[in-house]
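Have a look at the structure below, then the notes.
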Amino acid sequence: MEEKEEQIVFDFENAKAKIFRESRDEIQLTLGEFAGPLDLLLYLIRKEQANIFDIPIAKITREYLNYIKLMEKLDIAVAGEFLVMSATLIEIKSRLLLPQEPAAEGEEEPEDPRQELVDRLLEHQKFKNAAEMLWSRATVEQAVFTRAPIETDENNMEVSATIFDLFEKFQQIMERRKEEIQMDIQREEMTLAEMITTLRSRLKKAKKLNLLELFRNLETKQELVLAFIATLEIVRTESVRLVQESTFGDILIVVETETG
Amino acid sequence: MAKEKPQKQRRSLGELVAAIEALIFVSEEPITVRMLIKIINEDRDTVRAALDQLSNEYDERESGLQVREIGGGWQISTRPEFHEDVRAFLKTRPSAKLSLAALETLAVIAYKQPVTVPEILEIRGVQSASSIKTLLDKRLIVSKGRKETVGRPMQYGTSKDFMIQFGLKDLSELPNIEDFEDFVQ
């Protein structure tokens, strides 16, 4: 049961940078599901060495839009999520431009328009770190082996078999069967001429042959067809008769006597 | 034929340790404490004590094997230090790891379970359909029924295989998610 899987290698610090590589495949690969708008934003914030709690939104928005353009230029379908993020950034930027109403007596300071985005980025970052933790745990676990299965473990396999497993097994059986039949044909191949010769010599000896019995001894479909054609051929060319002694009774091939 | 009533001879702790070792050895999956209790017919505390002793014995004699609690059960496995030798014998190479996308999705599911696809999207900021499929195929996650909300979305959680493959006793062994909050500049 060898499972062929592609080895996916990446490193956590530089994975995001791949977006800028010129090779088109590389970009599509990295952009796949991994690099979402949040990843891109985190990357830009790091690159600009900005403080996540005080994002220079105008600058980051401009950079962000540049990358979207780059992606379009490279003919990568820009996922909807990236466009949503563009809109969010622009909205935050415009809200920051508006003069803030001074907080009324007893009211709390209005929330920074960037707050929600920052929260999402921080949350996202947490799970990226958690993914990294899982990665290292899995690496350690891959160095640990349990004993090879013993015979009785097979019992457990039954539980996990699905209808698809069954279907697959059935297909295998069919495949094998196909092969077997092919081998049979090769070994037993017979030409029409050979069949006619065989039939003729048997008739000569027996003078009378029961068709049903003749056919019953033949194994493959090909032989049956050959025997049938051979019978017709002999009936046509030689002095034999097909005799049916009663309605629905067996058919006999009878060699006609010279005098008959 | 009168069946002989099993007159349970009290076994010494040493004997219990040996019996438990045998059971862990033959079990393909990590064997649960509950199963051990049922088979060797002792109470939970005794079984626990025997397990601890067994595990210590392996540690003390610096065995190439370890007895440890994983995925809600107990298992005997090789120690990671010897992976090169073991791999040389088994002629295997480390199998392909999950993609970063799948790992991130798995992290979200592990910490937020039961969690729906839209909730995963919210945290990751990207669609995760193919990652979820990969994780389901590898049996690292399982569906945990539907959430009784608009559209009744499917909820996902981690499986026993997840704990085994990531070397976890149980989910509480996962580090606290808040500890990952370190935004390095």
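Given the structure is predicted, the values throughout are model-derived calculations rather than measurements. In what follows, chains are A, B, ... by sequence order, proteins preceding strands, each numbered from 1.
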Next item on the list: For the residue pair A:Lys126 and B:Asp179, establish whether any side-chain heavy-atom pair is separated by less than 4.5 Å.
Entry: no
Item checked: Presence of salt bridge, A:Glu123 and B:Arg124, under 4.0 angstrom -> no
Margin query: Between B:Arg87 and A:Phe145, is there a side-chain heavy-atom distance shorter than 4.5 Å?
Written below: yes
Item checked: Proximity breakdown for B:Leu65 and chain A, heavy-atom pairs closer than 4.5 Å -> neither
Check: Where does A:Leu134 contact chain B at under 4.5 Å (heavy atoms): side chain, backbone, both or neither?
Finding: both
Margin query: Any heavy-atom pair between the side chains of B:Phe180 and A:Glu132 that's under 4.5 Å?
Written below: no
Margin query: So B:Arg68 and A:Val144, do their side chains get closer than 4.5 Å, heavy atoms only?
Written below: yes
Check: Do B:Glu104 and A:His124 have side-chain heavy atoms sitting under 4.5 Å apart?
Finding: yes
Checklist line | Side chain, backbone, both or neither of B:Gln165 within contact of chain A (heavy atoms, under 4.5 Å) | finding: backbone
Notebook entry, point to check: Does any heavy atom of chain A fall under 4.5 Å from the side chain of B:Val86, the backbone, both, or neither of them?
Noted result: side chain
Notebook entry, point to check: Mind checking whether B:His83 and A:Gln142 have side chains closer than 4.5 Å, heavy atoms only?
Noted result: no
Next item on the list: Against chain A, label B:Gln66 side chain, backbone, both or neither, depending on which of its atoms sit under 4.5 Å from a heavy atom there.
Entry: side chain
Notebook entry, point to check: Taking the side chain as C-beta and beyond, is there a heavy-atom pair between B:Ile177 and A:Phe127 under 4.5 Å?
Noted result: yes
Item checked: Part of A:Ser136 within contact of chain B (heavy atom distance under 4.5 Å) -> neither
